[in-house]
2 protein chains.
Amino acid sequence: MTNPPVRPAPLDPEMFDPVCPSALVPFRVGDKWATLILRCLEDGPRRFSELKVPLRGITAKSLTQSLRALERDGFVARTEQEGAVRRVDYALTTLGRGLLGPLDTACAWTREHWDELIDAQEAGLARAAGRH
Amino acid sequence: MTNPPVRPAPLDPEMFDPVCPSALVPFRVGDKWATLILRCLEDGPRRFSELKVPLRGITAKSLTQSLRALERDGFVARTEQEGAVRRVDYALTTLGRGLLGPLDTACAWTREHWDELIDAQEAGLARAAGRH
DNA sequence: CGGTATCCCGGGTGATACTG
DNA sequence: CAGTATCACCCGGGATACCG
């Protein structure tokens with residue numbers, strides 16, 4: 001039985017598409033991209049360029065920065081594969097995987113109260129507009 | 001039976017003191033101060049100046065900004081009391097109170113893994129220092 | 001007391017170009 | 001492919017002063 005390194009299915013390029021302005025998703029971890037990166041690593045290690053796909057519009061610089069920060073904080077492990085073609089993998093550490101728990105809780109809450117969040121925000125904007 | 005408006009105990013000026021560098025508390029809601037404000041409102045309505053106490057060093061401007069944002073998003077309700085002395089109260093809305101659930105989850109996780117978080121961070125810093 | 005009005009600074013973020 | 005280097009901009013946030 002061969003035992004090739006676990007390779008999860010490719011990421012859905014639209015996994016963050018419908019929304020995520022993070023204005024409405026009220027929980028943030030680390031910097032702007034950190035939670036999204038964590039989510040991307042949920043199903044297994046990912047390559048640098050692989051991560052760029054669902055992270056619409058992220059620059060190499062920002063991605064590097066976020067990854068380095070996550071690495072420094074012990075949430076993500078970076079491993080450089082040797083071989084002809086360059087290949088660097090990023091994976092969740094145990095600690096990083098643990099973060100997904102509370103993160104899921106937060107996301108679940110947001111999804112459950114999505115309509116209320118939208119309504120409240122619209123009402124708030126209307127009030128703000130009326131005041132001026 | 002008189003029914004005076006509920007007034008919770010005064011806030012502990014040191015309720016955020018030992019730590020909270022928010023670098024290690026990996027969950028953020030809204031801006032820099034939002035989660036702390038939410039926590040401050042947990043036990044009931046608070047006045048503007050009352051909030052400034054545990055929020056060591058926050059400026060009136062920042063507090064106003066954060067509160068206005070929380071109000072716009074429907075997490076906090078502002079009520080201006082009439083009377084001789086000026087008095088403005090901020091209280092959690094139902095939606096805002098709901099946020100405390102996931103927030104508690106996040107805080108609990110952080111507390112549970114505090115030592116690991118510290119260790120991982122120190123290790124990360126050491127590695128970073130070694131690389132340069 | 002409960003804010004506004006200004007000024008200002010640092011850095012987080014993006015755009016672009018370049019590299020091993 | 002997996003980054004680095006550089007510039008440049010915006011704005012969150014603090015400091016200070018003032019107001020109804």
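All figures in this text were calculated on a predicted structure; none of them were measured in a lab. Quick note on labels: first sequence line is chain A, next is B, and so on, each numbered from 1.
Closest heavy-atom contact between A:A120 and B:L95: CB-CD2, 3.8 Å. In plain terms, the two heavy atoms of A:I58 and A:S62 that are nearest each other are CG1-CB, 3.8 Å. Among all heavy-atom pairs drawn from B:P102 and B:G98, the shortest one is CD-O, 3.2 Å. In terms of heavy-atom proximity, B:L51 sits nearest to B:C40 at CD2-CB, 3.6 Å. Of all heavy-atom pairs between B:A34 and B:L70, the closest is CB-CD2, 4.1 Å. The two residues B:S66 and B:I37 come nearest to each other via the heavy atoms CB-CD1, 3.5 Å.
Here the options are A:D89, A:L92, A:L36, A:L100, the test is side-chain contact (heavy atoms from CB on, under 4.5 Å), and the partner is A:L41; only A:L92 passes. When each of B:F75, B:F48, B:W33 is paired with B:L67, the side-chain contact (heavy atoms from CB on, under 4.5 Å) condition holds for B:F48 and for no other.
Of the possible donor and acceptor atoms, none in the side chain of B:R87 sits under 3.5 Å from a partner among the backbone N and O of B:E82.
Counting to the nearest Å, the C1' atom of D:dC10 and the NZ atom of A:K32 are 12 Å from each other. Straight-line distance from the CD atom of A:E50 to the C1' atom of D:dG3: 16 Å, rounded to whole Å. In this structure, the CG atom of B:L51 is 13 Å from the C1' atom of C:dC1, given to the nearest Å. With rounding to whole Å, B:R47 atom CZ is found 7 Å from C:dC1 atom C1'. Distance A:Q65 CD to D:dA2 P: 18 Å, rounded to the nearest Å. Taking atom CG of residue A:D31 and atom C1' of nucleotide C:dG14, one finds them 14 Å apart after rounding to whole Å. Remark: C1' of C:dA15 and CG of A:L63 are 16 Å apart, rounded to the nearest angstrom. In this entry the distance linking CD of B:Q81 with P of C:dG2 reads 10 Å, nearest Å.
For D:dA2, the OP1/OP2 oxygens have a side-chain nitrogen or oxygen of A:S49 closer than 4.0 Å. A sub-4.0 Å separation between OP1 or OP2 of D:dA2 and a side-chain N or O of A:R87 is absent. When the side-chain nitrogen and oxygen atoms of A:S62 are compared with OP1 and OP2 of C:dG14, one or more of them lie within a distance under 4.0 Å.
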Under 3.5 Å, N/O pairs linking protein and nucleotides 3-9 of chain C:
{"residue": "C:dG3", "atom": "OP1", "partner": "B:R68", "partner atom": "NH2", "Å": "3.4"}
{"residue": "C:dG3", "atom": "OP1", "partner": "B:R78", "partner atom": "NH1", "Å": "2.4"}
{"residue": "C:dG3", "atom": "OP2", "partner": "B:Y90", "partner atom": "OH", "Å": "2.6"}
{"residue": "C:dT4", "atom": "OP1", "partner": "B:R68", "partner atom": "NH2", "Å": "3.0"}

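End-to-end axis angle of the helix from C:dC1-D:dG20 to C:dG20-D:dC1, from C1' rotation axes over five pairs per end: 50° (rounded to 10 degrees).
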